[in-house]
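Values below: every heavy atom of this structure, side chains too, minus hydrogens, waters and symmetry copies. Residue numbering restarts at 1 for every chain, and letters A, B, ... go by the order of the sequence lines. This one's a predicted model, so the numbers in the text were calculated from it and none came from an experiment.
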Amino acid sequence: MRPFDYQRAERLEHAAQLAADDDTMALAGGTNLIDLMKLQVETPQTLVDIGRLSLGEIADEGDGLRIGALASNTATAAHARVRSDYPVLARAILAGATQQLRNKATTGGNLCQRTRCYYFTNIDQPCNKREPGTGCGAIDGIAKLHAVLGTSPHCIATYPGDMAVALAALDATVEIAGDSHERSVPVREFHRLPGDTPERDNVLEAGEIITSVTLPAPVGGTQIYRKVRERSSYAFALCSVAAVIDMADNRFTRADLAFGGLAHKPWHDPRIADLLVGSEPSPALFDKAADLLLEDARGYGENDFKIPLARRTLTAVLCEATGVEA
Amino acid sequence: MPITINDTPHDLPDDPRVSLLDFLRSHAGLTGTKKGCDHGQCGACTVLVNGVRINSCLSLAVTHDGDEVTTIEGLGSPVSPSEMQQAFLRHDGFQCGYCTPGQICSATAMLKEIAAGWPSDATDDLEASPKLTGEEIRERMSGNLCRCGAYANIVAAIRDVAGENA
Amino acid sequence: MSVHCKQDAPDERNVLDSTKQGVLGEPLERPEGLLKVTGTATYAAEFDAESCLEGVLVTLPVVRGTITSIDRESVLQMPGVVAVITDERLTGRAAQGMAGEAPFQPAQQVCYWGQPVALVVAESFEEARDAAKHLSVECNADEGDAPLDPDTVEAEQRKPTKNGDLAHAMTQAAHSVDATFTTDGHASAAMEPHAAMAQWDGQSLTVHASLQMLKFNRAELADSLNLKEKQVRLIAPYVGGGFGSKLGISQETVGASLAAMKLGKPVRVVMSRQQVFQTIMRRSETTQRVRLAADSEGRLTGFGHEARVSNLPGEEFAEPVLQSSQFLYGGDNRLLQLEVARIHRMTAGSVRAPGEAVGVQTVEQAMDMLAEKAGIDPVELRLRNIPERHPAKDKPYSSRKLAECLREGASAFGWKDGPRKPRHTREGEWWIGSGVASAARIHAVVEAKARVTLRPDGTALVETDMTDIGTGTYAILGQVAGEMLGLSLDDVEVRLGDTDMPPGSGSGGSFGASSCGSAVFLACEGLRDTLAEKLGIEASDLSLKDGFALWENEKKSIAEVLDGKAIEEIGHFEPGKSTEDYAVASFGAFFAEVAVNHWTGETRVRRMTGAFGFGRVLNARTARSQCLGGMTWCIGNALTESLLFDPTDGHLANCDLAEYHVPVHRDVPDLEVVLLEERDAAASPIQAKGVGELGLCGGAGAIANAIYDACGARVFAYPMTPDRVLAAMPDK
Ligand SMILES: Cc1cc2nc3c(=O)[nH]c(=O)nc-3n(C[C@H](O)[C@H](O)[C@H](O)COP(=O)(O)OP(=O)(O)OC[C@H]3O[C@@H](n4cnc5c(N)ncnc54)[C@H](O)[C@@H]3O)c2cc1C
Ligand code: SF4
Ligand code: FES
Ligand code: FES
């Protein structure tokens, strides 16, 4: 770890002011940032500890729910309204990391956690995300964890988190504050695909701090978070599906789906809901949904399996939600 | 404000880089908390901060002013081991012993978490209070690796302490 | 005084069955357990020394090359930095088990990506770690044609075992199997990272280290440093797991020692988890071809097992994949052939149960395939193929519980016999199935010494440099002594892990308990003779129990017999002809039930039974724990563990515990262990064999067979991760 100047933010504006500096980073739970600082993947000169700002509240916001940026993942998953009204979110959080980590991990930090690409975390390897222009070690290397959707010749990393996948299915909004401004960004638009600037993970600008995430009014339905992983716990997703499904008269009335482990963002394709809503569930329909999802999918050797896996996982989730047998 | 470790106040380190784990082991002389990976990947460094279990390797000591930290040494000692420590002994819930303090801190906190009704990935009904099934215990303990493979005995020890509820 | 035994013949006396104390074999708690559960047992990095400096190893991201310069100055100016050690004596690789000499030097000659080449020493760990990242090292790289892929280089052939004509037997067979399997590389991943704290007083070196075999390690370290062995003392009372990775010394021990010698201050070096992965022994990946030829009743007429493994140039060790294929099953026509590919990945060496840990499971999968072809129950097929005598060397087995393990394991598990057809049971999305595999592991013993002292108060002290790496040494050596001397475990103190004490065998190859246990046994035999002599009776007339000597109708406390004078003996055990004249091995059987997800190929082991026979059980509790540990490894081996090497520079991509997946709690269901009592007179004077590794020799095969039985996916690559299971799923 490089030496750094440790500052504790007393107020939100103070944090935003400090964070405006390029060499400054915000410290929340630290479970991702400290990890990467030890590896010298992150080398901030100043660390602003935002941990004691009062951004931890989880509170009703109209019919919806506002989850503070510093609410721990544990608190969110255990919150009574999250469990009853947004179970897919509780499920997604609980499928991630471990109890110890979730006790420290925060909403904001979880959204901003960086990729687990082996080359990104190894500073002796080329990586365009960590050091633009050095190349991508994964494309011709070990790409087992990597993306099959929305990749670019510069980077094929995935966004590794679970919580955001559920937030994308629920169409939540990220609330952001700067030194003197506030803005809202849908979770579905918060993370960025690599393009030719893979070093930028998301739309946050320097000096911006996430203050909360707001969930729209509950929509009910069957909510499922399905995570496929190599161990039964404590492993990142090979592929995951967050689903909010509702039916009436054996037809879909709602089919909000988001996918993890496939791209550098929770993948949400509005065409899938368009296809499903109004139709009767059937294996053939599920196949069409998977065709849409995977139309532009491309594997990089080791991760080719994610394409059929995503298809099968989607089918499994739709079968579970609709009671159709395939 | 100082940090309180097992009821004893300590001054925080000058170097903000020092992790809570290194602070415990090197500065406070409490080597019961183990370093297995230093990156949040094994659970050997698990301690309780204000009663909540965390990985002490991924936390900077300077962020803990005013906090109350309980380590394995704070749970019990060779002269008066805690109930969980005794159960681990009885059930041979360890071999090399290196993951053990982390397992015991985790297990101790876990029983409280279940009592408080926190759900887990293994909880069938999110809205009901979680039951202390084998699957629940295993999921909730999955943040503590044991390479010796003492898992089966660790679960037995935890069940023993949980008594009728398990 | 010393009692020496080179075991040239089986020891049928079974002395330990006629002693009276009744502590041996009992499931007693570990005497050191209280320290471990309270965090007060001290591991290598935890010994305190005043003004101890911290060292961090510097590794080089180069596949092959020679270092031309190291810019010390840049780093020496950094805060807190005290020294940069670039001594020629720094070692580049870990020593192989029982090497007893320096491993590869100098570190400046780089042979694999991530090799440590220097050590930065600073006042604090943070300063040292940061400085180590900044050290600039110039290297004459020679990477272009360094071979990295074990499948594409020409391999060296080891001497084959050949009997009859396997190819012909295959053509004549009523049923045959010819299958090729792969297993990915494994890491030991002991939870305690490699660590050393060294102190130098100008004459002699004391190192607190995390090592398994101190007698050999001392020789390795002395040789590395150009010191005399007697100048080196190693201390390791507690070792946070080894699994082969700490058999030989590695760079942190040499580095800490050199720094302490140069600076005259204590120096601690702890490897980062990434460094442990990148520089400590890996288990080689393997490619294995198994051929089985059988008659119409499933009796083997031919048995072939060929394997390719890899290692660095210059390393003698080759994963002994075929070790138990030599003797597990019959078949007159045999071909066993091992070959080694030379590639530039970190050293391949021993990882728990070298050889059998990956060699048995493939044979066991082939046996399953044969059972299906022949329409025979898989347990029955195995029973039919247990040979009378060692099939290649025509010597007798010393003692073997394979058949009993298969039968008792099957009954404990609730095995349904008869021919099998996959996809018989489905629960929701999950296919349920079960599988069986035999377990086999060669037995070895190693020279060992231990001193046992009967103290004037009638209590005993056992001393040896043997280690307890979680194996239960503290308990079992105390129990052997207690049994022989008529003392409860509370009255026996066991001191381990210090080269100032008599050299034991070290912990490795599952030979520690039988070798050191025998040394303690011999010492105690000597003490019993002395006691008898003091009493003026024949040793055979003497019984010892609860601290008393008993003979005819007389009784006297041991303390009284000693009359204020301690007596001591050194037991000295040496392997002799008995383990050569017989085929000596531990055997067992595994039964596993799995659930395979139809959609995702995820596999969960639902329950597992292991039945094992490994000679005399010295402590039923710790022996069971060893088996549980082995079976847990089976799950990792079968489903999750795989080292992933980059094709471009050979570096280990998944070099941490987040991405190298050792099983977690939730991967491991309730495990059942059945221990079969056995006395193996040829194995050791205490009739005990190895147990620590047996539990993982074959079990992954039972899981693989269960996957097939469940969903019909016959997977030929370990580990059987979801992608691999899905690719083999019949109706993908
Ligand atoms: C071994 C391991 C396994 C894990 N497994 C999983 C898993 O399976 N699934 C999963 O989803 N996650 C997993 N995680 C990741 C974990 O969830 C994240 O590390 C955690 O959520 C990050 O939250 P934090 O508060 O600790 O963030 P920090 O580490 O404090 O911060 C992370 C980043 O977010 C920025 N940041 C934090 N808060 C804000 C804010 N309010 N505004 C703007 N920027 C901010 C920081 O500057 C930093 O760049 C795992 C982590 C580890 C170590
Ligand atoms: S995939 Fe992206 S993060 Fe990984 S090496 Fe390539 S550029 Fe870096
Ligand atoms: S040392 Fe903290 S989790 Fe491994
Ligand atoms: S007891 Fe050795 S790692 Fe758990």
Give a yes or no on whether the ring-centroid distance for C:H651 and A:Y119 is below 6.0 angstrom.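 Ring-ring flag for C:H651/A:Y119: true, centres closer than 6.0 Å.
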Quick one: are [X] and [Y] in side-chain contact, heavy atoms under 4.5 Å?
X	Y	answer
C:H598	A:R312	yes
A:E230	C:D667	no
C:H665	A:Y234	no
A:K144	C:T721	yes
A:Y118	C:C655	no
C:P722	A:L238	yes

side-chain hydrogen bond (donor to acceptor under 3.5 Å, both in side chains), that's the test. Do A:Q125 and C:D646 meet it? Break it down for me. CA-CA 11 Å; A:Q125 289 292 325; C:D646 178 81; 5.8 Å; no
Before accepting this row, confirm whether a basic side-chain N of the pair A:R226/C:E429 lies closer than 4.0 Å to the acidic partner's carboxylate O.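 Answer for the salt bridge query: yes.
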Identify which part of A:L39 has an atom lying under 4.5 Å from any heavy atom of chain C, answering side chain, backbone, both or neither.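 Both parts, backbone and side chain.
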Given that the side chain runs from C-beta out, which part of A:C239 has a heavy atom under 4.5 Å from chain C: side chain, backbone, both or neither?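 No part of it gets close to chain C.
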Between the side chains of A:Q40 and C:D130, does any donor sit under 3.5 Å from an acceptor?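 Their side chains do contain a donor-acceptor pair, which is all the 3.5 Å distance test asks for.
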